[in-house]
Amino acid sequence: MKTAYSLASALLLSSSLYLPATAADLTTAPTATGYNWNGFYVGVGGGIGAITHEIGIPPLAGFEFNGIGGEGYFGELTIGYDMQLTERIVAGVFATYRAGNMATTLDIDAAPFFSFDADVTLDHGYDVIGRVGYLLTPNTLAYVLGGYSHQHFALDTSIGFDMDWDADGYVLGGGLEAVLAGNWTLKSEYRYGQYDLGNFGLGSFLDVESSTHTFHTALSYRFGGGATAAAAFAPVSYDFAGLKVGVAGGLGAVVHELDILGGIANFNGIGGEGAFGEVSIGYDFRIAPNWIAGVQADYRWGNISTDLDLSGLGFDASITADHGYDLIARLGYEVFDNTLIYGLAGMSWQHFQLDTSISGIDYDWDTHGWTAGAGIEAALSDRVTAKVEYRYAEYDGEDFESGGILEAIPSMHTVRFGLSYKIF
């Protein structure tokens with residue numbers, strides 16, 4: 001995951017350093033208003049994401065299972081401070097407190113004989129993070145982040161067996177922040193979190209590590225923010241309308257919700273994580289002075305997977321979301337300096353591959369569903385834009401020819417960092 005994060009960060013930062021090949025490719029606006037990024041700010045926001053618990057049982061022949069999954073929402077409060085080090089470099093620190101319902105759930109309803117439910121929830125936590133960014137325009141910041149994270153977990157059951165625990169870890173990520181008006185900015189960012197939950201007092205018999213993939217959107221008020229004198233550099237002149245092709249890379253998680261015996265038991269769920277690449281083609285229309293509507297098709301391939309390793313017994317298995325495509329529409333509003341804030345929705349198709357080390361026990365299936373999300377896109381030249389975007393997708397279930405005994409219903413949380421080139 002560190003390697004995949006590094007690739008995504010490199011893609012985001014390299015886009016900010018893009019230089020047009022010829023003078024004809026760069027048309028600067030005649031004037032540009034600067035923005036004061038220095039000073040304190042407070043923010044309120046929220047997000048959505050998934051968690052994957054990797055479980056190790058060392059005495060059981062090297063048992064490793066990645067993993068047990070969950071998903072949900074959260075709200076967040078932020079306080080931070082930024083300093084503009086050069087005309088285009090901004091560095092800062094911020095702290096966030098979050099509360100939410102990202103959870104793994106199990107429900108069994110075999111009444112009147114037996115019923116049981118349990119959930120493990122990430123109910124609250126906080127982060128202390130540093131970030132460094134590059135101003136794509138005077139009013140749009142692309143940045144990477146990293147820091148310390150603390151998370152509280154709670155186990156609740158219907159039989160009175162409850163417990164809770166705390167875990168420390170780290171977060172890495174990146175995003176885009178854009179000025180809306182006056183002292184107000186809006187940011188969208190991805191964070192990958194890693195936590196060591198330890199062994200729950202069981203010594204060398206158990207080892208649990210958890211990772212989170214979360215997308216955050218926050219509205220911030222900057223006490224020193226606002227327009228300043230003319231910027232040291234001017235944004236490029238860009239028209240979002242037109243035909244574009246794009247490339248992107250990203251990270252994400254999958255959660256398989258298992259429906260057992262026609263609903264007698266429900267487990268959400270079986271989780272996995274990984275990285276992916278993507279190519280796309282789309283066309284945008286300007287439907288009003290600041291409003292953009294468009295359509296897009298993309299194809300992706302990757303290794304977002306659930307993995308079971310019993311190396312001591314000579315067995316391993318994995319379920320991988322290896323390739324798929326989306327057909328989507330989006331609607332966006334262009335804010336300062338050719339920066340677009342948008343939402344999207346459409347149809348999604350995904351292929352899953354089950355592989356095992358036992359000859360003949362393999363299985364693959366296709367499934368359709370829907371996807372929805374949001375992002376921020378900023379112009380780098382009159383041809384090139386950079387974006388950060390989140391998508392949630394939910395798919396039809398697969399019963400593995402079991403006659404309804406078992407059905408897996410997958411959902412995916414993905415974040416992509418991308419570049420687009422405008423053909424005309």
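The aromatic rings of H323 and W349 sit tilted relative to each other, their planes meeting at an angle between 30° and 60°. The aromatic rings of Y363 and W365 sit tilted relative to each other, their planes meeting at an angle between 30° and 60°. Using bins of under 30°, 30° to 60° and over 60° for the plane-to-plane angle, the ring pair F153/W165 lands in the parallel bin.
Contact record, T121 with G100: CG2-O, 4.1 Å, taken as the closest heavy-atom pair. G92 and D82 get closest at one heavy-atom pair: CA-OD1, 3.3 Å. When all heavy atoms of T356 and I361 are compared, the pair lying nearest together is OG1-O, 2.7 Å. The minimum heavy-atom distance between N38 and Q84, with the atom names listed, is OD1-N, 2.6 Å. When all heavy atoms of V171 and S149 are compared, the pair lying nearest together is CG1-CB, 3.7 Å. L340 and G332 get closest at one heavy-atom pair: CD1-C, 3.6 Å.
For the pair E334 and R286, the minimum side-chain heavy-atom distance is below 4.5 Å. In this structure, the side chains of R222 and V179 stay at 4.5 Å or more apart for every pair of heavy atoms. With contacts defined as side-chain heavy-atom distances shorter than 4.5 Å, the pair R391/D326 qualifies. V255 is listed as a side-chain neighbour of S411, based on a closest heavy-atom distance under 4.5 Å. Looking at heavy atoms from C-beta onward, I376 lies in side-chain contact with T339 at the 4.5 angstrom threshold. Contact check for F223 versus V42: side-chain heavy atoms found under the 4.5 Å cut-off. Side-chain atoms of Y126 and H152, non-hydrogen and from C-beta on, never get closer than 4.5 Å to each other. With a 4.5 Å cut-off on side-chain heavy atoms, F336 and T140 do not count as touching.
Using modelled atom types, one finds no donor on one side chain facing an acceptor on the other under 3.5 Å when comparing D322 with T320. Remark: the S305 side chain and the D307 side chain contain an N/O donor-acceptor pair separated by less than 3.5 Å. A donor and an acceptor atom, one from each side chain of R98 and T96, are nowhere located under 3.5 Å apart. Side-chain contact annotation: N66 with E64, donor-acceptor N/O pair under 3.5 Å absent. With hydrogens and angles left out, the side-chain atoms of H368 and D396 include no donor and acceptor closer than 3.5 Å.
Here the side chain of K422 pairs a donor or acceptor atom with the backbone of A241 at under 3.5 angstrom. A donor-acceptor contact shorter than 3.5 Å links the side chain of N303 to the backbone of A275. No donor-acceptor distance shorter than 3.5 angstrom exists from the side chain of D207 to the backbone of G56, with no hydrogens or angles considered. Between the side chain of S188 and the backbone N or O of G375, no donor-acceptor pair lies under 3.5 Å. A donor-acceptor pair under 3.5 Å links the side-chain atoms of R88 to the main chain of L135, judged by distance alone. A donor-acceptor pair under 3.5 Å links the side-chain atoms of N183 to the main chain of G225, judged by distance alone. Remark: the backbone N or O of V236 is paired with a side-chain donor or acceptor of N338 at under 3.5 angstrom. With T306 contributing its side chain and G271 its backbone, the two residues share a donor-acceptor pair below 3.5 Å. E278 places no side-chain N or O within 3.5 Å of a backbone atom of W301 that could act as its donor or acceptor partner. With hydrogens and angles disregarded, a donor-acceptor distance shorter than 3.5 Å links the side chain of Y35 to the backbone of G182.
Aromatic rings from Y81 and F40 are positioned such that their centres are separated by under 6.0 Å. Taking the six-membered ring where the residue is Trp, the centroids of Y238 and F240 are separated by under 6.0 Å.
Atom CG in L176 sits 10.0 Å away from atom CD1 in I341 (nearest 0.5 Å). Rounding to the nearest 0.5 Å gives a distance of 5.5 Å between CD of E177 and OG of S220. Put simply, CZ on F352 and OG1 on T367 are 7.0 Å apart, with the number rounded to the nearest 0.5 Å. Taking OG1 of T385 as the reference point, atom CG of L419 lies at 7.5 Å (rounded to 0.5 Å). Rounding to the nearest 0.5 angstrom, the gap separating the CD atom in Q353 from the OG atom in S318 is 8.0 Å. Once rounded to the nearest 0.5 Å, the distance linking NE2 of H213 with CD1 of I304 reads 8.5 Å.
By the 6.0 Å and 45° rule, R131 stacks over the aromatic ring of Y143. Relative to the ring axis of F94, K187 places its NZ or CZ within 45° and under 6.0 Å from the centre.
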Handout entry: Verdict with supporting geometry, E377 and R330, salt bridge (Lys or Arg N to Asp or Glu O under 4.0 Å)
Key = CA-CA 12 Å; E377 184 175 2; R330 71 172 186 169; 2.8 Å; yes

Handout entry: Stepwise side-chain contact (heavy atoms from CB on, under 4.5 Å) check, R191 with I129
Key = CA-CA 11 Å; R191 297 184 204 168; I129 296 173; 3.9 Å; yes

Handout entry: Test side-chain contact (heavy atoms from CB on, under 4.5 Å) applied to L258 and I270, step by step
Key = CA-CA 8 Å; L258 302 183; I270 301 298; 3.7 Å; yes

Exercise for the section: Check the pair Y342, W291 against side-chain contact (heavy atoms from CB on, under 4.5 Å), reporting the backbone distance first and the verdict last. Expected result: CA-CA 10 Å; Y342 62 91; W291 288 95; over 6 Å; no

Exercise for the section: With side-chain contact (heavy atoms from CB on, under 4.5 Å) as the test, would you mind laying out the steps for Y192 and Y170 before giving the verdict? Expected result: CA-CA 8 Å; Y192 169 76; Y170 66 86; 4.1 Å; yes

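Crowding of F400 atom CZ: a count of heavy atoms from other residues, nucleotides or ligands under 6.0 Å exceeding 12.
The pair D298-R416 does not count as a salt bridge, with every side-chain nitrogen at least 4.0 angstrom from each carboxylate oxygen.
Remark: of the listed residues F215, Y73, W370, W370 is the sole one forming a ring-ring contact (aromatic ring centres under 6.0 Å, His included) with Y392.
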